[in-house]
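One structure is given below, encoded as structure tokens.
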Amino acid sequence: MPLITAPAYARQVTSAPAEPAAVVVQRVRERFDTGVTRPLSWRLAQLDRMVALLTENAGEIERALHADLHKSPTESHLTEIGVLLEEIRHTRKHLRGWLAPQRVSVPWQYQPARASLVLEPLGTVLVIAPWNYPVFLLLGPLVGVLAAGNTAVLKPSELAPHTAEVLERLVPRYLDGVAVVTGGPDRTTELLRERVDHIVFTGGGRVARIVMAAAAEHLTPVTLELGGKSPAWVDATTDLPAAARRLAWGKLVNAGQTCVAPDYLLAPPDVARALEPLLAREIRAMYGADPAASPDFGRIVTSEHAARLERMVSESVAAGARVVVGGKADVAARYVPPTVLADVTPDSPVMAEEIFGPVLPIVPVPDLGAAITHVRSGDKPLALYAFTADEGVRARLLRETSSGAVGFDVPLVQASMPSLPFGGVGASGTGAYHGEASVRAFSHAKPVVRKPLLPDTLAAVRPPFTAVRRALARRLL
Ligand code: NAD
């Protein structure tokens, strides 16, 4: 299938006369205000409609993902559509239980009384998504947003224009109370001026700062799903060929454009060297001798990003890194080959920013202590991986580093389990979602107290504070 290299999105996303953001938000908010979203039946119906959207249009969605990112239909199923269907299934199964008012204990001083927590919808939620998993990262948050009884405005990324166009067309046809606004940063800026009740932003730290500043104007709470450099520690106690297999896979899914991809490897020098041929072999096993010809290897989202990666590799080589595998990039075709760099130092250009592409640096370090010091010297990563059979090493990594999540012997999967909250910490994000965590994130947990008027047990805390009441007050608290 030929790659579409022209920036067709420039035309597509600006062709229709755009409805002002204020009008869109107002419309969606009015739908919320009708109260229609509150019953469980509406929420379950929306989830069912979402299943219908995904299953009835899977072919069209897969074609759009192929045009945007050269994703193979199987990878699209695994990492976008299938994983969403799982998230919906899990949510649908448990939603009634999650929404049930939660009784909490009442301290003796307040008896007789009953207390509970009731989840109420926030209102209208703005979801701003990136281009790398343009379906999963737009509709994934929406599962929780709708399950929690909210309405939503969705802003897909302009850099995955085919997918944005398909979703803009399909979503209003299937879902109630959900609008899609397409366009670039100007449209996002316009949306951010409107008052909404929560913002879910997935993307990079630079734009996250813009989003958070805009949210501050209205005191709107935010969930920020960001990225960063996720390290992977590998030591000699592990099965190195098996570790290399998992690492090469984790790095190269979606051509490395995965927020939780292992960004770089930290390993003692002998392990670092042993990994080189093993990684090369695994890459060849997955994508053949010429990955450009593989139907299963993705493309970089834009030629600008491809040029950034090409520059990052050449500058790192100039700074002393050695290319183990990888060849010439074809920037115009948005192709960057799977690339392994050895002898990488912490001050190499490839270590200066999140790679977000199919380039895997191996950074030799003297020992685990040095690896931990390196990880702690940077921003808290979204994920930390370790390939080791040593429980002591695992315990140290858990205790001495902080990250959004940890994967022992496996990358990526923590991000697709609906039973686990997904999110970062520090610079890799604020808040978490997926499954029950989504329903909690997009609801207000409202404390409700019921206390009978009689017996009048509050007499002790009411003035006048006579001697008896003074003594009682001190015994009470
Ligand atoms: P990005 O920050 O460039 O853009 C994301 C969204 O912000 C897009 O919808 C875009 O239209 C909008 N935007 C861009 N510039 C804007 C501006 N000036 N004002 C307002 N809105 C603007 O992110 P990206 O390049 O699409 O995605 C890559 C980043 O996202 C990486 O850092 C990656 O790690 C991170 N990411 C995180 C997760 C996660 O779940 N934690 C998932 C995927 C990607």
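Only a predicted model underlies this, so the values are computations on that prediction, with no experimental measurement involved. Ligands are counted one by one from 1 in listed order, and the atoms in each one are counted from 1 as well.
Between the side chain of Ser443 and the backbone N or O of Ala445, no donor-acceptor pair lies under 3.5 Å. At distances below 3.5 Å, at least one donor-acceptor pair connects side-chain atoms of Arg308 with backbone N or O atoms of Ile355. Formation of a donor-acceptor pair under 3.5 Å by the Arg29 side chain with backbone atoms of Arg195 is found in this model. Between the Asn132 side chain and the Gln257 main chain, a donor and an acceptor come within less than 3.5 Å of each other.
Heavy atoms of Leu137 found under 4.0 angstrom from ligand 1 belong exclusively to the side chain. Under 4.0 Å from ligand 1, the heavy atoms of Asn132 that appear belong solely to its side chain. At a heavy-atom cutoff of 4.0 Å, ligand 1 is contacted by no atom of Leu159, backbone or side chain. If you look at Phe201 next to ligand 1, the close heavy atoms, those under 4.0 Å, all belong to the side chain. At a 4.0 Å heavy-atom cut-off, ligand 1 does not touch Ala208 at all.
Considering Arg187, Glu158, Gln257, Arg206 only, the shortest heavy-atom separation from atom 11 (O) of ligand 1 involves Glu158.
With hydrogens left out, the protein atom closest to atom 1 (P) of ligand 1 is Gly204 N, 3.8 Å, a heavy atom. The single protein non-hydrogen atom nearest to atom 12 (C) of ligand 1 is Thr188 OG1, 4.0 Å, given as residue, atom name and distance. For atom 13 (N) of ligand 1, the nearest protein heavy atom (residue, atom name, distance) is Val207 CG1, 3.7 Å. Nearest protein heavy-atom contact of atom 31 (C) of ligand 1 is Glu354 OE1, 3.5 Å. The shortest contact between atom 41 (N) of ligand 1 and any protein heavy atom is with Leu226 O, 2.6 Å. Nearest protein heavy-atom neighbour of atom 8 (C) of ligand 1: Ala129 O, 3.4 Å. The nearest heavy-atom contact from the protein to atom 24 (P) of ligand 1 is Trp131 NE1, 3.3 Å. Here the protein heavy atom with the shortest distance to atom 27 (O) of ligand 1 is Pro130 CB, 3.5 Å.
At a threshold of 4.0 Å, the pair Arg89-Glu86 counts as salt-bridged, since one of the basic side-chain nitrogens sits closer than that to a carboxylate oxygen.
Centroid-to-centroid, the aromatic rings of Trp131 and Phe356 come within less than 6.0 Å.
Checking Asp176, Thr151, Thr124 one by one against Arg31, the side-chain hydrogen bond (donor to acceptor under 3.5 Å, both in side chains) holds for a single residue, Asp176.
The contact set between ligand 1 and Cys259, taken as ligand atoms under 4.0 Å from a residue heavy atom, comprises 34 (O), 36 (N), 37 (C), 38 (C), 39 (C), 40 (O), 41 (N), 42 (C), 43 (C), 44 (C). Close approach of ligand 1 to Ser157 is summarised as follows: ligand atoms under 4.0 Å from at least one heavy atom of the residue are 9 (O). Taking every non-hydrogen atom of Thr202 and a distance limit under 4.0 Å, the qualifying atoms of ligand 1 come out as 5 (C), 37 (C), 38 (C), 39 (C), 40 (O), 42 (C), 43 (C).
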Steps toward salt bridge (charged side-chain N to carboxylate O under 4.0 Å, His left out) verdict (Arg49, Glu56): CA-CA 10 Å; Arg49 299 293 295 155; Glu56 289 169 14; 5.8 Å; no
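For Ile128, no nitrogen or oxygen atom sits less than 3.5 Å from a nitrogen or oxygen atom of ligand 1, counting backbone and side chain alike.
Within 6.0 Å of CE on Met212 lie no more than 12 heavy atoms contributed by other residues, nucleotides or ligands.
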